[in-house]
*Asks:* 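I have a structure here, written as C-alpha cells, and I will follow up with some questions on it.
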Amino acid sequence: MRVAETVDGLCPVRHLALATHGEVIEALVANRLTSPRPLVRVEDWARTWAVKEVMELDPELLNDDRLGRALDAIAPHLEAITGSIAARAICASGIDTATLHWDMTSMSLTGAFVPGEQDLDHPTVACGHPKDRRVDLKQNQAGLGVSTDGAIPLLATAVSGQSGEITQVVSAIARFQKTTAVKQFPMIGDSKLVSYDNLTALSGARVEFIAPLAASATDAAVFAALDLETPSGSGTSPCGWPTAPPWTAPITGSWKTPTP
C-alpha cells in the first residue's frame with residue numbers, strides 16, 4: 001500500500017534524520033495491528049517482533065518522542081494520507097464502494113486536559129457523552145467512514161469531546177461528497193440524523209434520506225424542517241404519520257413527496 005512513501009511525500013524530513021516519518025508511521029501501523037494496547041514501550045515491541053530485521057528500522061528510534069513528532073507531522077495531512085492509501089487498497093482488491101458506513105465512537109482519557117492548555121486549532125479533550133459510560137473521564141471522539149465491502153476506511157476525522165454526534169452529520173455529508181465526487185445519494189441514518197439543521201442541510205444538498213424518529217421528537221419540529229404545514233387536530237398527517245408524538249415509524253424524505 002506504499003504507506004511510508006505516501007507519508008514521506010507529504011511530510012518530508014531532513015536528510016540527516018535516522019528515520020523518516022513514513023518509516024515510523026509504517027512501524028506504528030504494524031504495532032497497532034499486532035499489539036493494540038496503550039501506546040507505550042513501543043521499542044520493546046519492536047525488538048520482540050523483529051522490526052529491525054523485517055523493516056530495517058532500529059527499535060530505539062521508536063521512542064515516545066519520535067512517535068509524537070511523526071504523529072504531529074501527519075496530523076494536517078490525515079485526509080490526504082487516508083484517501084491515497086484507501087484508493088490503492090480499493091484498486092488492488094476490487095472493493096465495491098457503492099455503499100459506505102459512517103459512525104462515531106468516543107475514547108475516554110485519563111488526565112486533567114485543562115481547556116486553556118489545549119490547542120484550539122485541533123479537536124480538544126473534554127467532558128461529553130462517552131460510549132463506554134465512563135462519565136468520570138474526559139474524552140475525544142473519532143468519526144470513521146468505511147466501505148461496506150471490506151471495511152476500507154475512506155474518511156477519518158477527529159472530533160472534540162464535547163461535540164454532539166447529531167452536529168457532525170452535515171460535515172460528514174460534505175466530506176463524503178468531496179471524497180467520492182458524488183453529489184446525490186440516498187442516506188440512511190439513526191435518530192441522530194433527524195434535526196432541523198440536518199434536514200435543512202439534506203434538503204439543500206438534495207440528499208434523500210430515511211431515518212427513525214426519536215421518541216422525544218415533535219411533529220412541529222419535523223414538519224418545519226421539511227417545510228411542510230403542520231396538520232391540526234388528531235389523526236394522521238398528510239404523509240401518513242401520527243400527529244401525536246412519539247412516532248414509532250421511520251420517515252423518509254425525497255424533497256418531492258415525503259412518504260412514510
Side-chain angles (χ1 to χ4, degrees), residues 3-14 17 19-29 31-32 36 38-40 42 61-87 100 102-132 134-146 153-181 192 195 197-198 200-201 204-205:
V3 173
E5 178 184 335
T6 301
V7 173
D8 288 338
L10 293 167
C11 312
V13 297
R14 294 181 301 170
T20 68
H21 292 317
E23 291 171 333
V24 173
I25 294 301
E26 199 167 61
L28 191 55
V29 170
N31 170 264
R32 297 294 84 194
L39 198 59
V40 294
V42 176
L61 296 177
L62 299 177
N63 55 72
D64 291 350
D65 181 65
R66 185 64 186 89
L67 294 178
R69 292 203 308 274
L71 292 172
D72 281 343
I74 69 172
H77 308 285
L78 286 180
E79 287 194 17
I81 293 171
T82 303
S84 298
I85 296 172
L100 308 177
W102 180 84
D103 204 354
M104 289 178 59
T105 190
S106 60
M107 293 169 284
S108 296
L109 303 171
T110 302
F113 295 102
V114 180
E117 298 177 359
Q118 299 189 55
D119 187 349
L120 298 181
D121 291 332
H122 298 280
T124 57
V125 178
C127 295
H129 299 282
K131 306 289 187 181
D132 60 4
R134 287 297 305 271
V135 294
D136 57 313
L137 299 176
K138 293 183 178 181
Q139 67 171 14
N140 63 7
Q141 302 178 91
L144 192 66
V146 303
L154 300 175
L155 171 68
T157 182
V159 182
S160 294
Q162 76 276 18
S163 299
E165 190 169 339
I166 197 171
T167 64
Q168 302 303 312
V169 174
V170 175
S171 59
I173 293 172
R175 289 191 186 97
F176 270 128
Q177 288 177 322
K178 178 181 178 182
T179 301
T180 62
K192 294 183 177 64
S195 73
D197 290 339
N198 289 345
T200 301

*Asks:* I want to check something: taking the side chain as every heavy atom from C-beta on, are Asp197 and Thr167 in contact at a cut-off of under 4.5 Å?
*Replies:*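 No - every pair of side-chain heavy atoms lies 4.5 Å or more apart.
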*Asks:* Looking at every non-hydrogen atom in both residues, tell me the closest pair between Gly161 and Gln139 and how far apart they are.
*Replies:*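 Nearest pair, atom of Gly161 first, then Gln139: O-NE2, 2.9 Å.
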*Asks:* State whether the side chain of Gln141 and the backbone N or O of Thr105 hold a donor-acceptor pair below 3.5 Å, judged by distance alone.
*Replies:*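 Not a single qualifying donor-acceptor pair exists.
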*Asks:* With a 4.5 Å heavy-atom cut-off, do Val3 and Ile85 have their side chains touching?
*Replies:*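 Val3 vs Ile85: side chains touch.
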*Asks:* Nearest heavy-atom pair of Asn31 and Val42: which atoms, and what distance?
*Replies:*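 For Asn31 versus Val42, the nearest heavy atoms are ND2-CG1, 4.2 Å.
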*Asks:* Looking at CG of Asp64 and CG of Leu39, how far apart are the two atoms once the value is rounded to the nearest 0.5 Å?
*Replies:*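 Rounded to the nearest 0.5 Å, the CG-CG separation comes out at 7.0 Å.
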*Asks:* Tell me if a side-chain donor or acceptor on Ser160 pairs with a main-chain N or O of Thr124 at a distance below 3.5 Å.
*Replies:*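 The answer is yes, because a donor-acceptor pair under 3.5 Å joins these two groups.
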*Asks:* Any donor and acceptor pair, going by atom type alone, linking the side chain of Thr6 with main-chain N or O of Ile81 inside 3.5 Å?
*Replies:*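 Absent.
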*Asks:* Which residue pairs pass the side-chain hydrogen bond (donor to acceptor under 3.5 Å, both in side chains) test when at least one of the two sits in residues 113-123, sequence neighbours left out?
*Replies:*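 As it turns out, there is no side-chain hydrogen bond (donor to acceptor under 3.5 Å, both in side chains) pair with a partner in residues 113-123 once direct neighbours are skipped.
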*Asks:* Out of curiosity, Leu144 CG to Asp103 CG, how far, rounded to the nearest 0.5 Å?
*Replies:*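 So the CG of Leu144 and the CG of Asp103 are separated by 9.5 Å.
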*Asks:* Minimum heavy-atom separation for Ala73 to Cys11, with atom names?
*Replies:*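 Minimum heavy-atom contact is O-SG, 3.4 Å.
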*Asks:* Does Thr82 have any side-chain hydrogen bond (donor to acceptor under 3.5 Å, both in side chains) partners at least two apart in sequence or in another chain, and if so, which?
*Replies:*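 None.
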*Asks:* Do Val24 and Leu67 touch side chain to side chain, with heavy atoms closer than 4.5 Å?
*Replies:*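 A side-chain contact exists here, since the closest heavy-atom pair is under 4.5 Å.
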*Asks:* Only counting residues at least two apart or in another chain, list the ones meeting salt bridge (Lys or Arg N to Asp or Glu O under 4.0 Å) with Arg32.
*Replies:*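 Arg32 satisfies salt bridge (Lys or Arg N to Asp or Glu O under 4.0 Å) with no residue once adjacent residues are dropped.
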*Asks:* Kindly indicate whether the side chain of His77, heavy atoms from C-beta on, has any atom under 4.5 Å from the side chain of Val7.
*Replies:*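 Result no, sub-4.5 Å side-chain heavy-atom pair not found.
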*Asks:* Asn140: which residues meet the side-chain hydrogen bond (donor to acceptor under 3.5 Å, both in side chains) condition with it, sequence neighbours left out?
*Replies:*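 Testing Asn140 for side-chain hydrogen bond (donor to acceptor under 3.5 Å, both in side chains), a comparison that skips the adjacent residues, returns none.
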*Asks:* Give every donor-acceptor pair under 3.5 Å between a side-chain atom in residues 107-114 and any protein atom, sequence neighbours left out.
*Replies:*
unit_1	atom_1	unit_2	atom_2	d
Ser108	OG	Asp132	OD1	3.1
Ser108	OG	Asp132	OD2	2.9

*Asks:* By side chain to side chain contact (heavy atoms under 4.5 Å, CB included), which residues pair with Ala201, not counting sequence neighbours?
*Replies:*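 Partners of Ala201 under the side chain to side chain contact (heavy atoms under 4.5 Å, CB included) test: Val170.
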*Asks:* Can you name the closest pair of heavy atoms from Ala158 and Pro123 and give their distance?
*Replies:*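 Shortest heavy-atom contact: O-CG, 3.3 Å.
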*Asks:* Show the nearest heavy-atom pair for residues Arg66 and Ala19, with the distance to one decimal.
*Replies:*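 Here Arg66 and Ala19 meet closest at NH2-O, 3.0 Å.
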*Asks:* Give the minimum heavy-atom separation between Gln168 and Ser171, together with the two atoms involved.
*Replies:*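 Closest approach of Gln168 to Ser171, heavy atoms only: O-OG, 3.0 Å.
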*Asks:* Once you round to the nearest 0.5 Å, how far does NE2 of His129 lie from OG of Ser163?
*Replies:*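 The NE2 atom of His129 sits 11.0 Å away from the OG atom of Ser163.
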*Asks:* Does the side chain of Leu28 come within less than 4.5 Å of Leu71's, by heavy atoms?
*Replies:*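 Sidechains of Leu28 and Leu71: in contact.
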